[in-house]
Number of protein chains: 2
Amino acid sequence: MKPITLQEIADTLGISVSTASKALKDYPDVSQRTKRLVKELAATLNYTPNSFAVNLRTKESMTIGLIIPEVVHHFFSSVIKGIIYQAEKKGYLVITLQSNESYELEKKQIALLMRKNVDGILISLANQTANFDHLKEVIEQDKPLVMFDKIAKVLPCSKVIINDRKAAYTATKHLVDSGCKRIAHFRGPLLPQNSIDRFLGYKKAIEDHDIQYDPSLVYICEDMSFEEGKKYAQKLYEEHKDVDGIFVNTDLVAIGAITQLKELGVKIPEDIAIVGFSNWFMSSAITPTLTTIDQPGFKMGKTAFKRLLKEMKKKKNDEKTDPKIIELETSLVKRDSTPT
Amino acid sequence: MKPITLQEIADTLGISVSTASKALKDYPDVSQRTKRLVKELAATLNYTPNSFAVNLRTKESMTIGLIIPEVVHHFFSSVIKGIIYQAEKKGYLVITLQSNESYELEKKQIALLMRKNVDGILISLANQTANFDHLKEVIEQDKPLVMFDKIAKVLPCSKVIINDRKAAYTATKHLVDSGCKRIAHFRGPLLPQNSIDRFLGYKKAIEDHDIQYDPSLVYICEDMSFEEGKKYAQKLYEEHKDVDGIFVNTDLVAIGAITQLKELGVKIPEDIAIVGFSNWFMSSAITPTLTTIDQPGFKMGKTAFKRLLKEMKKKKNDEKTDPKIIELETSLVKRDSTPT
DNA sequence: GAAAATAACGAAAACGTTTTCGTTATATTT
DNA sequence: AAATATAACGAAAACGTTTTCGTTATTTTC
């Protein structure tokens with residue numbers, strides 16, 4: 001019932017705690033015979049080191065913290081999966097917290113993780129976060145920190161991202177190349193950098209191809225829901241009969257738009273071509289299948305953890321690491337919502 | 001840079017570590033004056049207790065483990081959200097692991113969590129898990145354990161579930177009440193109890209209403225994907241022209257089926273009525289909107305943690321708790337895929 | 001055969017708290 | 001004034017491990 005301790009192993013073997021400990025960790029200054037004895041006894045007694053004591057001694061817990069805006073989200077849950085997968089592979093556990101897109105919560109959670117002495121922190125920012133003092137604090141305390149996807153460019157820490165602007169450019173350019181002359185954009189909220197960058201990519205792409213930028217063709221989706229996709233598709237249909245292409249900030253909204261346009265009798269892609277963003281699994285399921293940008297969530301999670309691990313190791317050796325920005329490749333997935 | 005310790009506070013105040021500690025925790029045997037002094041200094045120095053030391057002393061870490069078959073899943077991610085939400089509210093952190101539906105991984109992860117000395121464990125079983133020795137071990141070690149959704153009935157621990165059989169009965173009965181005479185069932189894999197129960201509920205419902213059970217109307221979806229929904233809808237359409245209702249194991253498959261049937265020109269709900277299971281957010285988005293069973297994931301997560309917390313507290317007071325089975329209510333959400 | 005090297009072990013400090021139990025000094029009761 | 005109660009503090013053990021540094025005893029070297 002009571003867990004076995006080194007003390008007990010040492011006692012039954014008539015040796016000291018120190019040699020018992022050293023035997024288990026194959027120190028050179030303990031005889032083969034003793035090592036064998038200790039290891040055998042430990043195995044039969046099912047000994048496992050008390051992790052609390054180990055943590056206290058070694059000052060590390062092999063645990064990292066993860067703060068994410070929203071767990072119930074196809075992209076973020078893929079990232080979580082990647083992080084957990086990679087962490088477990090390397091012997092680390094992950095404490096997950098959800099900021100709910102709230103700055104206040106995010107701030108509290110950072111403090112919480114610092115108090116818990118996690119070995120490192122992974123974070124994707126809440127939309128509401130505009131002040132970064134809580135994160136600066138983390139960096140100043142020399143706690144390894146890696147941001148992913150929703151980042152703050154100004155912070156001196158490593159980041160794993162995609163090039164939203166470039167991807168949006170590619171998506172929009174694909175519409176242009178498909179023959180679209182008047183292209184609308186359903187964008188996300190004003191704050192997070194991602195939706196800004198995607199908007200800028202869109203704008204650059206049309207301007208580079210001699211299409212006049214028209215602000216009235218840009219619709220802002222506050223909560224990026226299916227319903228908003230339908231709503232703005234309806235509005236677009238009423239306000240701009242001449243639009244022949246839409247670049248949508250995210251697949252869910254795009255699918256909402258497609259649903260509505262289909263009901264209005266609009267032919268996709270003949271009348272209006274559509275490109276989404278994310279490559280959500282449903283985008284290959286609907287009719288027509290949705291052309292989109294593949295955003296590698298699982299890989300982003302893996303990469304972010306790998307980077308964090310590197311920084312945690314460096315820290316153990318009292319080495320400094322320079323912040324690194326890792327840009328993951330995205331790709332255009334051509335499907336039936338754009339003409340071949 | 002170096003974190004502040006009680007020792008340092010005690011030294012600068014010229015008192016002992018013990019009084020410093022007691023002052024912070026409002027022990028009665030320390031003067032108001034000293035308490036004030038210690039608290040003020042602690043505040044200005046930004047003192048936070050070293051959690052590793054606290055863990056070692058108190059033998060608890062205010063951390064629980066969570067093992068879930070798949071993170072990227074609308075229902076499970078809702079449960080996770082509920083767990084994290086409730087746990088954080090009560091000062092607990094959650095270490096999440098993913099079993100990937102693999103028994104071997106699940107076993108390893110249980111061992112891992114036990115070694116980490118989490119205060120309790122929450123688990124939803126992998127489909128592959130048929131042997132429960134690893135969980136019996138947990139119970140024997142007197143570590144609080146609560147199962148949810150995918151449970152093992154034989155284990156003597158608390159469980160939070162829905163009544164799959166009853167819910168499936170309700171769903172199928174709704175089809176009968178809507179006038180369906182020949183009702184098919186797209187079920188899940190053979191192993192997990194949930195798909196068995198849903199099948200049994202379906203079977204009972206039709207038999208209770210004098211409809212002959214016909215095994216050829218039951219299709220097994222191995223991975224419960226959108227594509228399988230399409231595939232078996234196609235098959236059903238070819239093999240059984242007379243079917244006028246389908247109860248589908250999960251919304252995603254149901255939506256696949258609807259998609260395919262629409263393409264075949266089948267009218268929903270006039271020709272074939274459909275009921276799903278889960279109340280995934282997309283089920284209110286598609287056309288026609290999907291009648292389904294609402295499965296309260298977030299609430300299940302909250303409830304499971306609450307139960308675990310109760311058992312953890314009891315354990316601290318050396319009290320025993322009897323396993324309790326908590327059944328959450330489900331409800332039929334009537335939408336357009338069944339006749340009004 | 002003395003000096004030096006090596007092998008094997010243990011004592012003890014350290015990690016930072018929490019909590020029990022004494023110990024003083026003062027205040028209260030008879 | 002003696003006996004008792006109370007208030008305020010500190011010493012020290014304990015949690016279980018890791019790791020440094022001595023200490024033996026044995027072996028090797030010249």
Side-chain angles (χ1 to χ4, degrees), chain A residues 1-39 41-42 45-63 114-119 141 316-318, chain B residues 1-39 41-42 45-63 91 114-119 316-318:
Chain A
M1 193 96 310
K2 279 280 135 207
I4 310 293
T5 69
L6 273 187
Q7 187 64 255
E8 289 164 29
I9 291 187
D11 286 352
T12 61
L13 250 46
I15 60 175
S16 76
V17 189
S18 9
T19 29
S21 172
K22 286 189 282 192
L24 288 175
K25 317 194 94 194
D26 273 324
Y27 271 56
D29 67 339
V30 45
S31 69
Q32 290 305 322
R33 194 185 113 84
T34 312
K35 279 184 187 172
R36 193 170 43 75
L37 256 44
V38 173
K39 283 179 181 171
L41 186 58
L45 292 184
N46 225 321
Y47 166 79
T48 69
N50 179 310
S51 65
F52 296 155
V54 176
N55 292 163
L56 179 59
R57 235 339 273 240
T58 61
K59 293 176 179 305
E60 58 176 17
S61 56
M62 302 295 279
T63 302
M114 292 299 279
R115 281 205 303 278
K116 280 275 171 179
N117 285 311
V118 291
D119 297 346
Q141 303 259 345
K316 260 183 88 170
N317 304 337
D318 281 320
Chain B
M1 193 93 311
K2 278 280 133 209
I4 311 292
T5 69
L6 274 186
Q7 188 64 256
E8 290 164 28
I9 291 188
D11 286 352
T12 60
L13 250 45
I15 60 175
S16 75
V17 189
S18 8
T19 31
S21 171
K22 286 190 282 192
L24 287 176
K25 315 194 96 195
D26 272 324
Y27 271 55
D29 67 338
V30 43
S31 70
Q32 291 304 323
R33 196 185 112 83
T34 312
K35 278 183 188 173
R36 193 172 41 76
L37 256 46
V38 173
K39 283 178 182 173
L41 185 58
L45 292 183
N46 226 321
Y47 166 78
T48 68
N50 179 310
S51 65
F52 296 155
V54 177
N55 292 347
L56 179 59
R57 236 337 272 239
T58 61
K59 294 179 178 300
E60 59 175 17
S61 57
M62 302 295 280
T63 302
M114 291 299 279
R115 280 205 303 278
K116 279 277 172 177
N117 285 310
V118 291
D119 297 345
K316 260 183 88 171
N317 304 337
D318 282 320

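Note that these values count all heavy atoms, side chains included, but never hydrogens, waters or copies made by symmetry. Letters A, B, ... mirror the listed sequences (proteins, then strands); counts begin at 1.
- With rounding to whole Å, Gln32(B) atom CD is found 10 Å from dC9(D) atom P.
- Looking at heavy-atom distances under 4.0 Å, Asp29(B) makes contact with a base.
- Within the 4.0 Å cut-off from OP1 or OP2 of dA14(D), not a single side-chain nitrogen or oxygen of Lys59(B) is found.
- Taking side-chain N and O atoms only, Ser21(A) has no distance below 4.0 Å to OP1 or OP2 of dT17(D).
- Between Thr19(A) and dC9(C) there is no side-chain N or O to OP1 or OP2 distance below 4.0 Å.
- Summarising the geometry, the separation between CD on Glu60(B) and P on dT17(C) is reported as 17 Å, rounded to the nearest angstrom.
- As a whole-Å value, the separation of Lys116(A) NZ from dG16(C) P is 18 Å.
- One interatomic measurement links the two molecules: CG of Leu56(B) to P of dG16(D), which rounds to 7 Å at whole-angstrom precision.
- No donor-acceptor pair under 3.5 Å is formed between the side chain of Ser21(B) and the backbone N or O of Val17(B).
- Taking only side-chain atoms of Lys22(A), from C-beta outward, the nucleotide of dG10(C), dT18(D), dT17(C) with the closest atom is dG10(C).
- When the side-chain nitrogen and oxygen atoms of Thr5(A) are compared with OP1 and OP2 of dG16(D), none of them lie within a distance under 4.0 Å.
- The backbone N or O of Ile15(A) sits nowhere less than 3.5 Å from a side-chain atom of Thr19(A) that would complete a donor-acceptor pair.
- Judged by distance alone, the side chains of Ser61(A) and Asn55(A) never bring a donor and an acceptor atom under 3.5 Å apart.
- The residue among Ala20(B) and Ser18(A) whose nearest nucleotide of DNA chain D is located toward the 5' end is Ala20(B).
- Counting heavy atoms from C-beta outward, Lys22(B) and Lys35(B) have side chains that stay 4.5 Å or more apart.
- At a cut-off of 3.5 angstrom, counting only N and O atoms as typed in the model, there is no donor on one side facing an acceptor on the other between the side-chain of Arg57(B) and the base of dT17(C).
- Within the 4.0 Å cut-off from OP1 or OP2 of dG10(C), not a single side-chain nitrogen or oxygen of Tyr27(A) is found.
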task = Could you walk me through whether Asp119(A) and Lys59(A) pass the salt bridge (Lys or Arg N to Asp or Glu O under 4.0 Å) test, one step at a time?
result = CA-CA 9 Å; Asp119(A) 297 346; Lys59(A) 293 176 179 305; over 6 Å; no
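- In terms of phosphate contacts, Thr34(B) brings no side-chain nitrogen or oxygen within less than 4.0 Å of OP1 or OP2 of dA8(D).
- In this structure, CG of Asn117(A) is placed 13 Å from C1' of dT17(C), rounded to the nearest angstrom.
- Atom CG of Leu45(A) and atom C1' of dG16(D) are 16 Å apart (whole Å).
- Out of dT17(C), dT17(D), dG10(D), the shortest distance to the side chain of Ile15(B) is found at dG10(D).
- No hydrogens or angles were tested; on distance alone, nothing pairs the side chain of Ser31(A) with the base of dA8(C) as donor and acceptor under 3.5 Å.
- Taking each heavy atom of Leu41(A) and Thr12(A) in turn, the nearest pair found is CD2-OG1, 3.0 Å.
- For the pair Val30(B) and Pro49(A), both in contact range of DNA chain D, the more 5′-proximal nearest nucleotide belongs to Val30(B).
- Closest to the side chain of Ser16(B), out of dT18(C), dG10(D), dT18(D), is dG10(D).
- Close to dT18(C), at under 4.0 Å from its OP1 or OP2, lies a side-chain N or O of Lys25(B).
- Per the geometry, CD belonging to Glu8(A) stands 8 Å off P belonging to dG16(D), to the nearest Å.
- Arg33(B) places its CZ atom 13 Å from the C1' atom of dC9(D), with the value rounded to the nearest Å.
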